[in-house]
Colleague: 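Mind having a look at this structure? Questions to follow.
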Amino acid sequence: MMTDAKRKPRGVAANRELVELAKAAYPTVSISPPDLIHVTSVGWGRRIIDQGILERRQCNVFGKELVYFFVARPAYRFGRGGEKSDQLNFFPFAIALSPDALPAPYHVYPFDTGAYMAGFYDEVADPSIYIDDYELEPDLASALRHITWAFGGVDEYFDARIRSGLSGTVPIWRSVAQNWLRIASLASTGRDKPDRRASAIELAYAQSVDLRQGHGRLLIFPEQLLEDPNGTNTEFLNSIRGLNVDFETYDWRPNETPDSFADIITQIMKRRLGALAA
């Protein structure tokens with residue numbers, strides 16, 4: 001359950017340990033920004049593509065209209081993603097886009113803030129640390145610097161592989177950084193149920209994103225959204241062509257769970273990340 005106790009009281013300064021440590025180690029940013037990715041349902045994805053706009057929506061955590069992305073990693077999870085469904089509209093639709101021409105983000109966090117506030121990390125989260133203490137600076141450079149400091153590079157970040165021995169380089173009294181490392185460890189592939197949101201960098205924007213301005217890089221959705229034995233969805237295909245964006249599809253099956261297709265989308269994005277780096 002979300003609680004205001006996890007937000008810093010008015011007038012209390014946030015602790016910027018993560019920003020300070022990354023800046024001290026890497027004063028300049030040397031890696032190129034990867035794509036941002038927004039994951040939603042097929043039902044909402046169809047509306048976004050038809051309109052050509054990723055619209056901001058009211059965020060219950062921050063009380064502001066925002067549109068959310070993760071850096072590179074399609075880590076978003078549906079609230080009922082573990083429930084089987086035979087409705088195509090309930091399954092994942094991913095939108096990858098370039099951050100280059102976007103305005104400055106409203107905020108940058110080193111994990112999924114919604115999951116944090118909902119208690120998904122409470123097994124390791126220090127209740128004396130406010131969520132605001134983990135916030136990075138509101139720009140893309142801060143996200144890239146954090147990737148370099150915490151992971152070493154974009155590939156390692158994508159796979160949620162924190163630098164070996166990083167915890168030992170952080171003074172024990174740096175409680176925010178030490179606790180972030182504990183939270184981020186929940187994304188480790190060595191865990192029984194890794195939660196990749198726990199170390200995925202979240203960017204929120206206070207402006208809607210117009211995909212008609214060339215921001216879009218790739219769409220990922222079920223093949224059956226385009227065609228099935230009963231016909232071809234030419235209207236949707238024309239909407240995609242109007243945005244001049246590439247797309248890849250996955251083979252959807254009814255009475256599976258939305259979560260069961262998450263790995264397929266992750267592999268598509270990982271393959272794309274490798275192709276762009278080549």
Side-chain angles (χ1 to χ4, degrees), residues 33-62 64-81 85 87-108 112-115 140 197 200-228 231-252 257-259 261-262 264-266 268-269 272-273:
D35 291 344
L36 306 183
I37 187 159
H38 176 91
V39 179
T40 185
S41 67
V42 167
W44 288 113
R46 296 168 74 167
R47 288 181 177 270
I48 290 166
I49 300 308
D50 287 344
Q51 297 173 5
I53 298 176
L54 247 171
E55 293 185 343
R56 59 185 184 167
R57 296 188 177 277
Q58 185 69 18
C59 170
N60 293 329
V61 174
F62 295 96
K64 187 176 178 66
E65 289 191 341
L66 299 168
V67 57
Y68 280 88
F69 301 91
F70 288 120
V71 176
R73 206 189 289 176
Y76 177 78
R77 289 170 62 178
F78 295 96
R80 298 170 62 182
S85 176
Q87 297 185 58
L88 183 67
N89 272 6
F90 289 0
F91 286 78
F93 189 115
I95 303 171
L97 74 164
S98 168
D100 294 340
L102 295 179
Y106 174 76
H107 74 224
V108 179
D112 182 327
T113 55
L140 189 60
R197 298 172 296 178
I201 299 176
E202 172 190 288
L203 275 72
Y205 289 85
Q207 302 88 1
S208 298
V209 177
D210 193 335
L211 299 176
R212 297 166 298 186
Q213 295 181 353
H215 298 300
R217 291 279 185 87
L218 181 70
L219 309 176
I220 306 171
F221 52 81
E223 177 183 346
Q224 290 75 9
L225 180 56
L226 282 182
E227 57 183 348
D228 72 5
T232 300
N233 190 349
T234 54
E235 183 178 351
F236 183 69
L237 185 58
N238 287 336
S239 294
I240 295 175
R241 288 170 175 164
L243 295 177
N244 192 29
V245 60
D246 293 335
F247 66 87
E248 290 196 34
T249 61
Y250 63 87
D251 187 17
W252 170 78
T257 67
D259 284 352
F261 295 95
I264 296 174
I265 294 175
T266 297
I268 291 173
M269 286 302 299
R272 175 175 173 79
L273 194 65

Colleague: What verdict does the side-chain contact (heavy atoms from CB on, under 4.5 Å) test give for I95 and I37, after you've listed the backbone C-alpha separation in whole Å, the side-chain angles of each residue and the deciding distance to 0.1 Å?
Modeller: CA-CA 6 Å; I95 303 171; I37 187 159; over 6 Å; no
Colleague: Excluding sequence neighbours, so at least two apart, what forms side chain to side chain donor-acceptor pair (under 3.5 Å) with T113?
Modeller: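 If we apply the side chain to side chain donor-acceptor pair (under 3.5 Å) test to T113, skipping adjacent residues, the hits are E202.
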Colleague: Kindly compute the distance separating CG (L225) from CG (L219), expressed to the nearest 0.5 Å.
Modeller: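 Atom-to-atom, L225:CG and L219:CG are 10.0 Å apart.
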Colleague: Tell me the closest heavy-atom pair linking L218 and V245, and the distance in Å.
Modeller: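 So the two residues come closest at N-CG2, 3.5 Å.
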Colleague: Which atom names give the shortest non-hydrogen contact between C59 and Y68, and what distance separates them?
Modeller: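 What the structure gives for the nearest pair is SG-OH, 2.9 Å.
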Colleague: Check the pair I220 / V39 against side-chain contact (heavy atoms from CB on, under 4.5 Å), numbers first and verdict last.
Modeller: CA-CA 9 Å; I220 306 171; V39 179; over 6 Å; no
Colleague: Taking only residues two or more places apart in sequence, or in another chain, which ones meet D259 in a side chain to side chain donor-acceptor pair (under 3.5 Å)?
Modeller: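 With sequence neighbours excluded, D259 shows a side chain to side chain donor-acceptor pair (under 3.5 Å) to no residue whatsoever.
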Colleague: Is Q224 close to D251 at the side-chain level, that is, under 4.5 Å between some pair of heavy atoms?
Modeller: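 Yes, their side chains come closer than 4.5 Å.
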Colleague: Would you indicate whether the side-chain heavy atoms of W252 and V42 approach each other to under 4.5 Å?
Modeller: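 Result no, sub-4.5 Å side-chain heavy-atom pair not found.
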Colleague: Please enumerate all residues that pass ring pair (Phe, Tyr, Trp, His ring centres under 6.0 Å) together with F62, with sequence neighbours excluded.
Modeller: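 Listed in chain order: H107, Y109.
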Colleague: What distance do M269 atom CE and I264 atom CD1 have between them, rounded to the nearest 0.5 Å?
Modeller: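 These two atoms lie 15.0 Å from each other.
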Colleague: Return the minimal non-hydrogen interatomic distance between I268 and E248, and the atom names on each side.
Modeller: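 Smallest heavy-atom distance, with atoms named: CG2-OE1, 3.6 Å.
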Colleague: Report all side-chain donor-acceptor pairs from residues 236-244 shorter than 3.5 Å, counting only partners two or more places apart or in another chain.
Modeller:
from	atom 1	to	atom 2	distance (Å)
N238	ND2	T234	O	3.2
S239	OG	D50	OD1	3.2
S239	OG	E235	O	3.2

Colleague: So do Y250 and P222 actually touch side chain to side chain, heavy atoms under 4.5 Å?
Modeller: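 Yes; the side chains approach each other to less than 4.5 Å.
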Colleague: About how many Å separate CG of D35 and CG of L97, when rounded to the nearest 0.5 Å?
Modeller: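 Rounded to the nearest 0.5 Å, the CG-CG separation comes out at 7.0 Å.
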Colleague: So, do L203 and L102 sit near enough that their side-chain heavy atoms are less than 4.5 Å apart?
Modeller: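 L203 does not reach L102 side chain to side chain.
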Colleague: Rounded to the nearest 0.5 Å, what separates atom CZ in F70 from atom CD1 in I201?
Modeller: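 The distance works out to 10.5 Å.
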Colleague: Going from CZ on R80 to OG1 on T257, what distance comes out if it is rounded to the nearest 0.5 angstrom?
Modeller: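 Spacing of CZ (R80) from OG1 (T257) equals 13.0 Å.
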Colleague: Just wondering, do P105 and L140 contact through their side chains at under 4.5 Å, heavy atoms?
Modeller: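 The answer is no; the side chains never approach within 4.5 Å.
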Colleague: Looking only at non-hydrogen atoms, find the nearest pair between D210 and G52 and report the distance.
Modeller: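 Distance-wise, the nearest heavy atoms are OD1-O, 3.3 Å.
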Colleague: Would you give the length of the straight line joining atom CD1 of I53 to atom CZ of R212, rounded to the nearest 0.5 angstrom?
Modeller: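 So the gap between those two atoms works out to 4.0 Å.
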Colleague: Given side chains that start at C-beta, do those of F93 and W44 come closer than 4.5 Å, heavy atoms only?
Modeller: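 F93 does not reach W44 side chain to side chain.
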Colleague: Do other residues, nucleotides or ligands put more than 12 heavy atoms under 6.0 Å from the CZ atom of F78?
Modeller: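 Counting other residues, nucleotides and ligands, CZ of F78 exceeds 12 neighbours.
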Colleague: Can a salt bridge be assigned to the pair R77 and D112 using a cut-off of 4.0 Å between side-chain N and carboxylate O?
Modeller: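 Answer for the salt bridge query: no.
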Colleague: Please examine the side chains of R272 and R217, heavy atoms only from C-beta on, and report whether any two atoms are closer than 4.5 Å.
Modeller: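 Contact flag for R217/R272 side chains = yes.
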Colleague: Where do A101 and H215 come nearest, in terms of heavy atoms and distance?
Modeller: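 Heavy atoms only, the tightest pair is CB-CE1, 3.7 Å.
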Colleague: I want to check something: taking the side chain as every heavy atom from C-beta on, are S41 and N89 in contact at a cut-off of under 4.5 Å?
Modeller: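 Sidechains of N89 and S41: no contact.
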Colleague: Partners of F69 by ring pair (Phe, Tyr, Trp, His ring centres under 6.0 Å), sequence neighbours excluded?
Modeller: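 Expected list: H38, Y205.
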Colleague: Taking only residues two or more places apart in sequence or in another chain, which ones pass salt bridge (charged side-chain N to carboxylate O under 4.0 Å, His left out) with R56?
Modeller: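 Partners of R56 by the salt bridge (charged side-chain N to carboxylate O under 4.0 Å, His left out) criterion, ordered by chain and then number, come out as E65.
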Colleague: Which heavy atom of G45 sits nearest to which heavy atom of T40, and what is that distance?
Modeller: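 Taking G45 first and T40 second, the nearest heavy atoms are N-CG2, 3.8 Å.
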